[in-house]
Amino acid sequence: MTEVGALRERIGELSRLATLAAERILEAQVTDRPLSRELFTALVSAAQLLDDHDVPWPPLVEQVLFEAGRRFSEADAAHEAADPETAGEGVVANLTRFFSSFRRS
């Protein structure tokens with residue numbers, strides 16, 4: 001297998017795993033369980049790698065990223081309102097920087 005073929009295979013597997021992570025996050029949302037920040041971080045990392053290789057995000061990945069990001073942002077905003085000294089240290093600041101680098105297809 002060529003290096004390009006192996007890379008294509010790994011990117012395909014990354015896309016599949018990102019979709020599985022998105023499904024787990026969506027399941028947590030639907031069943032009203034807390035979202036795992038670790039799983040969300042893994043999904044964000046996978047999305048970044050896909051974007052780095054000019055591979056479009058699977059639709060479910062895009063949907064979950066923006067919805068979960070909104071929920072984390074709301075949680076961070078509530079936390080910052082309760083403790084103003086932590087303002088700007090949460091997921092909100094990181095997600096804002098992260099999502100600002102993406103183009104919507």
Side-chain angles (χ1 to χ4, degrees):
M1 179 178 286
T2 68
E3 189 173 319
V4 172
L7 178 61
R8 234 181 254 148
E9 187 177 307
R10 289 192 303 258
I11 293 296
E13 180 67 4
L14 177 63
S15 183
R16 185 185 74 77
L17 292 172
T19 300
L20 289 174
E23 287 173 356
R24 288 188 145 205
I25 291 170
L26 184 60
E27 180 184 333
Q29 290 173 333
V30 169
T31 59
D32 206 26
R33 289 190 326 242
L35 294 177
S36 164
R37 285 185 186 260
E38 291 80 16
L39 185 57
F40 182 69
T41 300
L43 182 60
V44 168
S45 296
Q48 179 68 56
L49 283 169
L50 290 171
D51 192 64
D52 289 348
H53 288 89
D54 296 321
V55 176
W57 294 348
L60 187 60
V61 170
E62 183 173 354
Q63 174 191 344
V64 168
L65 276 175
F66 285 100
E67 177 61 25
R70 184 190 61 76
R71 288 182 69 181
F72 282 135
S73 295
E74 290 171 357
D76 282 346
H79 176 73
E80 289 173 2
D83 186 4
E85 301 230 350
T86 62
E89 295 177 5
V91 173
V92 175
N94 294 331
L95 283 175
T96 301
R97 285 190 296 273
F98 174 74
F99 285 125
S100 68
S101 69
F102 287 105
R103 63 192 180 284
R104 295 218 35 171
S105 304

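Atoms CG and OG1, from L7 and T2 in turn, are 9.5 Å apart once rounded to the nearest 0.5 Å. One finds the NE2 atom of H53 at 11.0 Å from the CD atom of Q48 (value rounded to the nearest 0.5 Å).
Between A21 and L43, the shortest heavy-atom distance links the atoms CB-CD1, 4.2 Å. Of all heavy-atom pairs between P58 and S15, the closest is CG-OG, 3.2 Å.
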Between L60 and Q63, does a side chain to side chain contact (heavy atoms under 4.5 Å, CB included) hold up when you go through it step by step?
-> CA-CA 5 Å; L60 187 60; Q63 174 191 344; 3.8 Å; yes
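Listed by chain and number, the hydrophobic cluster partners of L20 are L17, where partners are ILVMFWY side chains within reach of under 4.5 Å, directly or through others.
Using modelled atom types, one side-chain atom of S45 and one backbone atom of T41 make a donor-acceptor pair closer than 3.5 Å. Formation of a donor-acceptor pair under 3.5 Å by the W57 side chain with backbone atoms of L50 is not found in this model.
Proximity of L26 to E23: side-chain heavy atoms (C-beta onward) are nowhere separated by under 4.5 Å.
Here R24 pairs with L39 under the side-chain contact (heavy atoms from CB on, under 4.5 Å) rule; sequence neighbours left out.
Shown are L65, V30, V61, V64; of these, the side-chain contact (heavy atoms from CB on, under 4.5 Å) with I25 is made only by V64.
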